[in-house]
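Encoded as structure tokens, here's the structure I'll be asking about.
Note that the structure is a prediction, hence the values are computed from the model and not measured. Note that ligands are numbered from 1 as they come in the structure, with each ligand's atoms numbered from 1 the same way.
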Amino acid sequence: MHEVYVLNGPNLDRLGTREPEIYGSMTFAQLADLCMTTAGQLGFRAQVRQTNDEAELIGWLHEAADGKIPVILNPAAFTHYSYALRDACAMLTAPLIEVHLSNPLAREEFRHTSVVSGVATGTIAGFGATSYVLALEALARQT
Ligand code: DQA
């Protein structure tokens with residue numbers, strides 16, 4: 001079975017209570033379950049991870065690069081300024097799908113820049129937890 005990493009950056013562990021009017025009421029545990037179930041239905045085995053630590057996230061991307069494993073990535077706030085994360089993403093050879101729960105382009109100006117998009121296969125944003133489902137479906141059509 002194909003493996004896929006679903007990697008999540010800072011503050012996404014707070015889903016459920018974090019600004020629910022923007023990010024919804026689903027907890028991170030529920031989001032992880034949704035991703036694992038959807039991935040299973042599409043013939044993938046998903047490893048869903050979250051960290052508040054940039055170095056840890058970069059380490060996971062190195063793992064994905066070494067294993068040629070496709071990645072669905074919600075870089076959270078790192079999206080907007082982490083060149084180190086972008087450089088790690090640039091090393092991936094399998095598809096990389098950037099996802100966001102909200103639509104950053106419809107929010108504050110500092111969210112309008114993604115340093116990751118330029119090295120991603122594509123970006124899906126604004127559909128809440130469904131952004132992840134759509135990303136898994138896009139991946140299933142690619143591989
Ligand atoms: C986010 C959007 C980012 O701007 C924000 O910093 C996040 C979450 C999203 O999923 O909508 O933490 O990536």
Under 3.5 Å: donor-acceptor pair, side chain of H112, backbone of L105: yes

Option nearest atom 11 (O) of ligand 1 (shortest heavy-atom distance, choices S102, P10, P104, A129): S102

Check against salt bridge (charged side-chain N to carboxylate O under 4.0 Å, His left out), E3 and K68: CA-CA 10 Å; E3 190 162 42; K68 300 180 172 45; over 6 Å; no

Y23: numbered ligand 1 atoms lying under 4.0 Å from its heavy atoms: 5 (C), 7 (C), 8 (C), 9 (C), 11 (O)

Where ligand 1 meets R18 - atom numbers and elements under 4.0 angstrom, heavy-atom basis: 7 (C), 12 (O)

Ligand 1 contact by T79, heavy-atom criterion under 4.0 angstrom: no

Atom 4 (O) of ligand 1 - nearest protein heavy atom and its distance: H80 NE2, 2.7 Å

Donor-acceptor contact present, side-chain S25 to main-chain G16, <3.5 Å: no

Close side-chain approach of I72 to L7, heavy-atom, < 4.5 Å: no

Trace of the side chain to side chain donor-acceptor pair (under 3.5 Å) decision for Q47 with R45: CA-CA 7 Å; Q47 281 213 32; R45 189 157 40 84; over 6 Å; no

E98 contact mode with ligand 1 (heavy-atom cut-off under 4.0 Å): neither

Shortest protein heavy-atom distance from atom 9 (C) of ligand 1, along with the residue and atom involved: L101 N, 3.4 Å

Student check: side-chain heavy atoms of V48 and Y5 closer than 4.5 Å: no

No-hydrogen, no-angle side-chain donor-acceptor test under 3.5 Å, E98 and S114: yes

Residue portion contacting ligand 1 (non-hydrogen atoms closer than 4.0 Å) for V99: neither

Heavy atom of the protein closest to atom 1 (C) of ligand 1 (residue, atom name, distance): H100 ND1, 3.7 Å

Closest to atom 5 (C) of ligand 1 among H112, E19, R107, R111 (heavy-atom distance): R111

